[in-house]
Amino acid sequence: MGHEPYMHGGQILANALIRQGVDVAFGVPGESFLPLLDGLVDHQAKLRFITCRQEGGASYMAEAYAKLTGKPGVLMVTRGPGAANALIGVHTAFQDSTPLVLLIGQVGTDMVGREAFQEMDYRKVYSECAKWVGSIDRADRIDEFVSHAFHLAQSGRKGPVVLALPEDVLFTKAIEHPTPKATLIHSGLDLASFQLAMNTFANAKQPMVLAGGGSWTKTACDALISWANREQVPVATSFRSQDLIDNLDPCFAGDLGIGANPALVKRVQEADVLLVIGERLGEMTTGGYTVLSVPKPAMTLIHVLPSPDELGRVYVTDYALASSPESFCAALNGIKMSAQYDRQRMAQAHQDYLNFSKPTAIPGAVQLSEIVASFPQYFPRNTIFTNGAGNFATWLHRFYPYGGFKSQLAPANGSMGYGLPAAIAAKIVDPKRVVVAFCGDGDFMMNCQELATAMRYHAQPIVIIVNNGMYGTIRMHQEREYKTRVSGTELTNPDFVTFAKSFSMPGYRVEKTEQFKSAIESALQSPNGAIIEIVIDPEAISPSKRLSELGR
Ligand SMILES: Cc1ncc(C[n+]2csc(CCOP(=O)(O)OP(=O)(O)O)c2C)c(N)n1
Ligand SMILES: [Mg+2]
């Protein structure tokens with residue numbers, strides 16, 4: 001290396017990834033990209049390839065890595081079958097606006113279009129959920145494509161990009177054309193529009209801020225929090241962006257997600273000026289587009305998004321600003337609320353949040369809300385909590401006060417199976433940090449094989465499985481629509497304690513509230529993570545609803 005100007009495509013690609021600052025890549029190998037795997041051999045000290053057990057789990061890990069670090073996640077998978085398995089994480093990255101670069105093996109350029117072995121047209125497959133799909137058809141253009149991919153993944157509304165790697169190109173010898181690391185370009189702020197919009201906000205009687213989405217930095221969060229506290233303005237967060245603000249910070253008004261606090265929903269609806277930063281206002285955050293009416297919400301809407309493309313897409317805005325949260329929040333320092341503004345509003349909104357997070361009783365011997373509300377006694381504030389999708393997550397979101405920036409990794413696209421791979425990725429990024437995968441029984445088993453990946457890389461998190469023996473969320477909807485006609489929602493589970501042991505992890509079963517204490521205290525001492533199964537009464541379908549009471 002170094003002296004020989006001609007290298008095979010895999011080496012050129014590996015070098016290009018190093019220049020982009022890639023330190024971890026996730027994937028499952030395939031014979032379609034052997035030269036890339038070979039190229040990585042020379043960089044093992046700098047770039048770790050995490051060999052996963054299924055591309056779905058790998059794709060979530062790459063997505064979670066990106067969410068946590070702010071750097072693009074890198075995923076490597078093989079042709080058709082690998083690409084098909086990887087789709088779930090690409091969809092998550094798309095809906096969550098997370099930068100991701102997916103490298104996929106492809107059949108040789110000499111046979112493309114014949115439906116050769118495992119051939120897929122990735123431009124078609126990913127057309128709905130990637131920002132761009134490119135095919136590197138010449139070895140001497142690898143650097144150019146990689147540079148474009150890394151720029152695009154991180155620009156404007158961040159998201160996934162896909163690079164197909166035809167097999168012959170990877171084997172071809174060529175000369176590299178190094179390009180520098182893609183720099184993150186913040187879209188700047190139009191100060192005249194900013195002043196106009198914020199003048200309206202400063203004179204509002206019942207203003208409200210809603211922060212969310214995938215483009216925040218710690219600097220942006222800190223700027224928003226200090227301004228909100230100075231001006232006593234309440235700030236809510238969107239579905240699964242609950243960690244943008246330490247939930248115990250006095251400016252935190254709660255999160256607008258599934259099962260949102262009715263008092264918060266009312267507060268948002270009664271706002272005369274709503275400032276939305278970074279959040280595209282999706283179905284979950286808007287309660288199915290009802291909390292804010294389409295196309296024109298009742299209040300004055302100031303909408304700030306990093307890319308102009310999304311502004312005005314669903315909601316008619318009064319003030320639309322294309323700006324990164326960082327540029328926008330930096331400018332907030334110059335904005336003072338009017339003398340007439342009732343500065344009690346922030347404290348009232350925070351009190352509403354605190355009231356809503358008080359434990360609620362459910363049937364059975366395990367009070368899940370009490371257990372979740374007790375988490376701050378056991379976990380440091382910077383603990384990362386991950387989750388996938390299911391009713392179990394409602395307890396975590398409602399009763400646990402997240403500790404602030406990057407203490408939550410959760411899919412805004414409501415994708416099951418995310419929690420465990422995300423927790424493993426977090427442990428890989430930061431082995432010293434306490435990481436808890438909070439899962440449902442259905443949710444956990446979608447990617448439970450990745451516990452082997454965790455074992456291999458000494459990245460075992462604490463896994464909490466809320467076991468109700470069913471796909472409870474779907475059963476809840478079923479019960480409401482077709483009372484007592486249970487169909488396809490019951491589950492048969494393995495013995496999770498024994499399962500844990502087979503991955504060298506201690507396992508605990510909690511069948512009474514008071515058993516959680518000793519389980520978590522032991523789990524926190526374990527160097528290999530742990531699995532804590534919490535058995536809850538199936539009747540406790542959500543923090544506030546009983547299964548048998550649902551239905552028309
Ligand atoms: C990949 C994926 N498949 C299916 C669904 C539909 N879905 C949403 S929640 C859910 C059930 C989750 O079950 P579990 O993890 O046991 O949590 P519970 O609702 O019982 O608390 C299902 C099947 C989904 N969101 N994502
Ligand atoms: Mg369940």
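The first residue of the sequence shown is numbered 1, and numbering continues consecutively from there. What you see below is based on every heavy atom in this structure, not just the backbone, and it leaves out hydrogens, waters and symmetry mates. Read the numbers this way: they start at 1 and go in the same order the structure lists the ligands and their atoms.
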query: According to the interplanar angle, ranging from 0 to 90°, do the rings of Phe379 and Phe385 count as parallel (below 30°), tilted (30 to 60°) or perpendicular (above 60°)?
result: perpendicular
Under-4.0 Å salt bridge between Arg509 and Asp495: yes
message: Can you tell whether the side chains of Glu310 and Arg280 come within less than 4.0 Å, N to carboxylate O?
response: no
Top protein contact for atom 15 (O) of ligand 1, by heavy-atom distance: Asp443 N, 2.7 Å
Part of Met470 with heavy atoms under 4.0 Å of ligand 1, whether side chain, backbone, both or neither: backbone
- line: So for Ile474 against ligand 1, with non-hydrogen atoms under 4.0 Å, the contacting part is side chain
- prompt: Rounded to 10 degrees, what angle sits at the Mg ion (ligand 2) between Asn468 OD1 and Asp441 OD1?
  reply: 100°
query: Under 3.5 Å, is there a donor-acceptor pair between the Glu490 and Tyr471 side chains?
result: no
statement: Atoms of ligand 1 under 4.0 Å from any heavy atom of Gly414, numbered from 1 in the order shown, are 24 (C), 25 (N), 26 (N)
task: Look at Lys545 together with Glu549 and state whether they make a salt bridge at an N to O cut-off of under 4.0 Å.
output: no
task: Return the orientation label for the Tyr126 and Tyr122 ring planes: parallel under 30°, perpendicular over 60°, tilted otherwise.
output: tilted
- request: Around atom 20 (O) of ligand 1, find the nearest protein heavy atom and jot down its residue, atom name and distance.
  value: Gly472 N, 2.7 Å
field: Cation-pi check, Arg157 onto Phe94 ring (under 6.0 Å, within 45° of axis)
entry: yes
task: Using a strict 4.0 Å threshold on nitrogen-to-oxygen distance, state whether Arg398 and Asp255 make a salt bridge.
output: no
query: Quick one: does Tyr471 get an N or O within less than 3.5 Å of an N or O on ligand 1?
result: no
- prompt: Going by heavy atoms, is Ala389 under 4.0 Å from ligand 1?
  reply: yes
- prompt: Nearest to atom 16 (O) of ligand 1, what protein heavy atom do you find, and at what distance?
  reply: Asp441 OD1, 2.6 Å
query: Could you state the interatomic distance from CG (Asn247) to OG (Ser407), rounded to the nearest 0.5 Å?
result: 7.0 Å
Those atoms of ligand 1 less than 4.0 Å from some heavy atom in Gly442: 14 (P), 15 (O), 16 (O)
query: Based purely on interatomic distance, does Met446 place a nitrogen or oxygen under 3.5 Å from a nitrogen or oxygen of ligand 1?
result: no
- line: In Leu40, Leu102, Ile104, the residue satisfying side-chain contact (heavy atoms from CB on, under 4.5 Å) with Met76 is Leu40
- prompt: Between Ser415 and ligand 1, is there a nitrogen or oxygen pair with a distance under 3.5 Å?
  reply: no
- prompt: Which heavy atom of the protein is the closest neighbour of atom 22 (C) of ligand 1, given with residue, atom name and distance?
  reply: Met416 SD, 3.1 Å
task: Check each heavy atom of Asn468 against ligand 1 and say whether those closer than 4.0 Å belong to the side chain, the backbone, both or neither.
output: side chain
Neighbour count above 12 (heavy atom, 6.0 Å) for Arg313 CZ: no
For atom 19 (O) of ligand 1, closest protein heavy-atom neighbour: Thr473 OG1, 2.5 Å
statement: closest protein heavy atom to atom 21 (O) of ligand 1 is Phe392 N, 3.0 Å
task: May I ask you to check if any N/O/S atom from Met470 comes under 2.8 Å of the Mg ion (ligand 2)?
output: yes
